[in-house]
Amino acid sequence: MVASEELVPGKGTAVHDWLQALYAYPECDGEWLGRCVCDMTGIQYANDSEKMSKTLLTWSVIDLSKIDRLVKTCEAYLKKMCEALDHYPIEASVYNSFIFEAEMYGDGQQNMRDLGTVIYNPSTMTTVDLRVRNDLMKALSDAVVYITRGPGRASGRGLSFCYPADFSEDELDIYAKNCPMPLYLAYIDAITEWTAPDWVYEKTSRLPSIDDIKELQIIPLKKMTKSGMPGVALKDMLYNIKNIFYRLYQLDETTGHVVYLGRTVCGIGVEDKNVVWRASDPMHWPAIDDDLCCIDMIQENGVMRLYNIPVQINSKNAILRCGRTIFFSEDGEKRYSEYEVYGVWENYDENNTLMNRSVEPLALISGREYKLMYPLDGDEKGVFDYSEEKTMYRALDVREIPLPAGVYYLEYEVQDTFMRSRLLDRIEIHWDGQNMTFLDGFVWEGEVK
């Protein structure tokens, strides 16, 4: 099997090249042809102007006769995870952190994680039984006989798996019909609100729900930081935290609408011996031509972040795919970032509801008119406010600008390694362009029950 862990770019494989190779050598075997597909496709995108496709490209050649062995070694690894959840909850959280740190594919909604990144994580050497770990590494390398990948997917080892911890119950019902591991379904049952089908427990034992495990509960603490920005600390359980985000909303005083400006990760520091997360600089926000963007972070990989910016082009909704790279000065003291818009992605095809693979470079649609979109907060799903019409150029300059004076709302989201999220109370901020103030009597201290 030749397949991609990542979304396949719209141009697909270098089909003319590898078909010519097959025509010239029809007696070849599948591995030889698969290597041609990988290498020739890699060369095609290396010479392509679409930066996102060549950066995120992945292709693998899989020996399907080795998959049964890989499944068995995955089950052995999973058994250790389940034993930890049953008897050593803190260790179970560490196992889950390996999954969260694994390379992720797609638009972030499918939760496809690279299997190799989980087991090659250096921390697994001190957590996972070495025999189980080594058997899984060997089975994976035997099954994946060849891989090619772009620089933005350098960690990938060729095979991904689904970690459906934040799927809806209906989605999990469908997933259960396709998952060959009852033990995995029992694990998903334990870490979500979903209930696995009865047949799962005819083949394996039920695990304790993480909601009933005291060691795995998140207790956020409201902390006013020395900078004057409300922040979040945690009462113990630091090992169980994946990320703390903040969301920003703006009150449109003309329409009375509260519009969503997006979500990104918090900065982190230490104050009074507490680890504290806070909105790094919420009064500066990304903008295009001085119009604020709704910019949602969907992936983070070290110093690289991937964002979606909703736009409307010719009355059709689309998404700007935007990368942000963080740079540091030579002494490591000064930090700055650069944004780059890779192109326009139509997300889901309206005709067949399948995910659209194409990210069109801006050069192909330059000259068209477009509007930035802002989702309305509240119950009105799919309803937006819009910016004035703008002209699409071959390159768009995304940069952070000071927010205009007005009323804003800040909301922290605490996410643990099991993908459980807690939203804290919104903070109303009055901003005059220079200073921010809060409502009279505003207090931001104490445990969040």
Side-chain angles (χ1 to χ4, degrees), residues 89-102 121-124 126-127 214-248 262-286 297 299-305 324-337 400 402-403 408-429 431 435-438 442-449:
I90 295 176
E91 186 176 299
S93 180
V94 175
Y95 268 99
N96 249 66
S97 70
F98 300 152
I99 295 174
F100 247 124
E101 292 165 12
N121 188 317
S123 299
T124 61
T126 57
T127 305
K214 181 180 178 182
E215 294 91 333
L216 297 180
Q217 303 315 306
I218 304 173
I219 304 177
L221 303 174
K222 297 177 180 178
K223 290 283 186 183
M224 185 64 77
T225 65
K226 294 176 181 177
S227 68
M229 173 60 65
V232 180
L234 295 170
K235 185 176 182 180
D236 306 322
M237 318 313 171
L238 293 183
Y239 54 81
N240 194 27
I241 289 298
K242 166 57 181 172
N243 240 325
I244 297 183
F245 303 91
Y246 68 94
R247 303 165 184 254
L248 192 65
R263 181 185 82 149
T264 192
V265 291
C266 291
I268 187 170
V270 177
E271 293 190 11
D272 301 325
K273 298 182 180 180
N274 288 306
V275 179
V276 180
W277 288 260
R278 67 177 180 85
S280 304
D281 188 6
M283 308 328 288
H284 283 75
W285 201 255
M297 194 187 88
Q299 289 188 33
E300 181 180 27
N301 184 10
V303 296
M304 174 68 183
R305 296 174 186 170
R324 177 193 180 202
T325 304
I326 301 171
F327 299 93
F328 293 88
S329 59
E330 290 185 2
D331 58 10
E333 291 295 323
K334 189 174 180 181
R335 167 175 149 164
Y336 59 98
S337 58
E400 294 180 5
L403 292 175
Y408 296 86
Y409 302 93
L410 182 70
E411 185 177 55
Y412 285 109
E413 176 187 351
V414 181
Q415 188 180 65
D416 73 2
T417 58
F418 295 93
M419 297 187 77
R420 292 180 297 177
S421 289
R422 291 193 64 177
L423 293 177
L424 276 60
D425 295 337
R426 285 190 189 176
I427 302 162
E428 184 172 319
I429 298 174
W431 173 248
N435 300 292
M436 61 180 183
T437 56
F438 307 103
F442 172 73
V443 177
W444 189 257
E445 292 291 338
E447 291 186 7
V448 179
K449 301 299 184 182

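Keep in mind that the numbers below use all heavy atoms, side chains included, and drop hydrogens, waters and symmetry copies. Throughout, residue positions are numbered sequentially from 1 according to the sequence presented.
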inquiry  = Using the ring-ring contact (aromatic ring centres under 6.0 Å, His included) criterion, which residues pair with F418? Sequence neighbours excluded.
reply    = none

Rounded at 0.5 Å granularity, tell me how far [atom1] in [X] sits from [atom2] in [Y].
| X | Y | atom1 | atom2 | answer |
| --- | --- | --- | --- | --- |
| R263 | F245 | CZ | CZ | 4.0 Å |
| S421 | I244 | OG | CD1 | 10.5 Å |
| K242 | F100 | NZ | CZ | 6.5 Å |
| I99 | M419 | CD1 | CE | 10.5 Å |
| Q415 | I218 | CD | CD1 | 9.0 Å |

Could I get the full list of side-chain hydrogen bond (donor to acceptor under 3.5 Å, both in side chains) partners for [X], not counting sequence neighbours?
| X | value |
| --- | --- |
| Y408 | Q250 |
| K222 | D425 |
| R420 | D211, D416 |
| E101 | N121 |

Side chain to side chain contact (heavy atoms under 4.5 Å, CB included) against [X], all qualifying residues, sequence neighbours excluded:
| X | value |
| --- | --- |
| P89 | I213, E215, L216 |
| V276 | T225, A233, E271, N274 |
| E447 | I219, L221, K235, K449 |

D281 and E400: CA distance, side-chain angles, deciding distance, side chain to side chain contact (heavy atoms under 4.5 Å, CB included) verdict = CA-CA 10 Å; D281 188 6; E400 294 180 5; 5.6 Å; no

message = If we count only N and O atoms by modelled type, under 3.5 Å, do the side chains of S97 and T417 hold a donor and an acceptor together?
response = no

key: Side-chain donor or acceptor of W277 paired with backbone N/O of G267 under 3.5 Å   = no

ask   = Taking the side chain from S93 and the backbone from I90, do they hold a donor-acceptor pair closer than 3.5 Å?
value = no

Would you indicate whether the side-chain heavy atoms of [Y] and [X] approach each other to under 4.5 Å?
| X | Y | result |
| --- | --- | --- |
| R278 | S227 | yes |
| F438 | I427 | yes |
| T124 | Y95 | no |
| E411 | L423 | yes |
| M229 | K223 | no |
| Y412 | P220 | no |

message = Can you classify the ring geometry of W285 versus Y246 as parallel (below 30°), tilted (30 to 60°) or perpendicular (above 60°)?
response = perpendicular

query = After noting the C-alpha distance and the side-chain angles of V265 and M297, does the key distance pass the side chain to side chain contact (heavy atoms under 4.5 Å, CB included) rule?
reply = CA-CA 8 Å; V265 291; M297 194 187 88; 3.4 Å; yes

request  = Not counting sequence neighbours, which residues clear salt bridge (Lys or Arg N to Asp or Glu O under 4.0 Å) with E91? List them please.
outcome  = none

task = Begin with the C-alpha distance, continue with both residues' side-chain angles, and end with the deciding distance and a verdict on side chain to side chain contact (heavy atoms under 4.5 Å, CB included) for L403 and L248.
result = CA-CA 11 Å; L403 292 175; L248 192 65; 4.0 Å; yes

Candidate pair R422 and E413, rule salt bridge (charged side-chain N to carboxylate O under 4.0 Å, His left out), full reasoning = CA-CA 6 Å; R422 291 193 64 177; E413 176 187 351; over 6 Å; no

message = For a quick test of reading the model, state the closest non-hydrogen atom pair linking C266 to S280 and the distance between them.
response = C-OG, 4.0 Å

request  = Mind listing the closest non-hydrogen atom pair of F442 and M224 along with its distance?
outcome  = CE2-CE, 3.6 Å

task = In sequence, state the C-alpha distance, the side-chain angles, and the governing distance for V275 and I268, and then conclude on side chain to side chain contact (heavy atoms under 4.5 Å, CB included).
result = CA-CA 7 Å; V275 179; I268 187 170; 3.6 Å; yes

query = side-chain contact (heavy atoms from CB on, under 4.5 Å) with V232: which of V448, L424, I241?
reply = L424

